[in-house]
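Structure first, then comments.
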Amino acid sequence: MSGELNGTNIVIENGTGVIVGQMESTLTVNGTNIDISNKSYQDFVTLLDGELSGKQLQISGTIVYNDDAQYAKVRADSLTGTQDTYNLIYVSSNTTDEQFSALFSPNGLSDSFPHGDKVSSSINFLSSGAYTHTPAVV
């Protein structure tokens with residue numbers, strides 16, 4: 001794809017604004033297929049079509065420590081287990097960008113203090129309840 005030398009920009013925002021900072025992250029869509037095998041299928045495994053259990057979004061990433069108010073809110077929420085609505089938006093030149101929205105709980109806060117380098121925080125966001133996916137429209 002053209003224009004991808006530096007990657008696609010991603011915006012993560014919570015209920016009160018955009019979380020500012022440089023971040024590397026991974027979005028994982030969790031879910032487990034439902035096994036409906038029985039003797040009539042002989043020795044073959046059969047999975048229920050179009051259904052998953054344990055559906056959840058998980059965002060894991062590392063962000064450079066900063067003094068932005070939204071970043072401080074995420075840190076505070078992770079210490080107290082406070083949930084908030086978060087949007088993960090893939091920013092591109094499309095008419096409508098791909099987006100995931102859900103109630104998330106930030107957790108697993110871990111700060112790294114390397115000698116002579118930037119301080120960074122690793123954090124996970126785990127969705128709670130149903131999530132919404134909006135595909136990109138070109």
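Start at 1 with the first residue, then count along the sequence. As the structure is a prediction and not an experimental result, all values here were calculated from the model.
- Qualifying side chain to side chain contact (heavy atoms under 4.5 Å, CB included) partners for N38, counting only residues two or more places apart in sequence or in other chains: S40, Y41.
- Remark: K73 engages D84 in a salt bridge, criterion side-chain N to carboxylate O under 4.0 Å.
- For residues 110-120, every residue pair satisfying the side chain to side chain donor-acceptor pair (under 3.5 Å) rule, not counting sequence neighbours, is listed here: R75-D111, D111-S121.
- Listed by chain and number, the residues in a side chain to side chain donor-acceptor pair (under 3.5 Å) with T132 amount to none (sequence neighbours excluded).
- A 4.5 Å side-chain heavy-atom check between L109 and L79 finds at least one atom pair inside the cut-off.
- A side-chain N or O of S122 and one of T62 form a donor-acceptor pair less than 3.5 Å apart.
- A heavy-atom distance below 4.5 Å is found between the side chains of I12 and I59.
- Counting heavy atoms from C-beta outward, I10 and L88 have side chains that approach closer than 4.5 Å.
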Please output the side-chain donor-acceptor pairs of residues 16-26 that fall under 3.5 Å, not counting sequence neighbours, one pair per line with the distance.
| from | atom 1 | to | atom 2 | distance (Å) |
| --- | --- | --- | --- | --- |
| T16 | OG1 | N14 | OD1 | 3.1 |
| T16 | OG1 | Q70 | OE1 | 2.6 |

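- For the residue pair T28 / N30, no side-chain donor-acceptor distance below 3.5 Å is found, with atom types taken as modelled.
- Contact annotation: the side chain of Y86 approaches that of V74 to within less than 4.5 Å [non-hydrogen atoms, C-beta and beyond].
- V64 and F125 sit in two unconnected hydrophobic clusters of ILVMFWY residues. Membership requires side-chain heavy atoms under 4.5 Å apart, directly or through other members.
- By the criterion of side-chain heavy atoms lying less than 4.5 angstrom apart, applied directly or through intervening Ile, Leu, Val, Met, Phe, Trp or Tyr residues, I63 is grouped together with F113 in one hydrophobic cluster.
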Taking only distance into account, with no hydrogens and no angle test, what donor-acceptor pairs under 3.5 Å do side-chain atoms of residues 97-106 form with protein atoms, sequence neighbours excluded?
| from | atom 1 | to | atom 2 | distance (Å) |
| --- | --- | --- | --- | --- |
| D97 | OD1 | S92 | N | 3.1 |
| D97 | OD1 | S92 | OG | 2.6 |
| E98 | OE2 | H133 | NE2 | 2.7 |
| Q99 | NE2 | S101 | OG | 3.2 |
| S101 | OG | N87 | OD1 | 2.5 |

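- Listed by chain and number, the hydrophobic cluster partners of L47 are V45, where partners are ILVMFWY side chains within reach of under 4.5 Å, directly or through others.
- Across every non-hydrogen atom of N124 and G108, the tightest pair is ND2-CA, 4.4 Å.
- Contact of the L27 side chain with the Q58 side chain is not registered, since no non-hydrogen atoms from C-beta on lie closer than 4.5 Å.
- A pairwise comparison of heavy atoms in Y131 and V29 identifies OH-CG1, 3.5 Å as the closest pair.
- Counting heavy atoms from C-beta on, the side chains of I123 and N107 never come closer than 4.5 Å.
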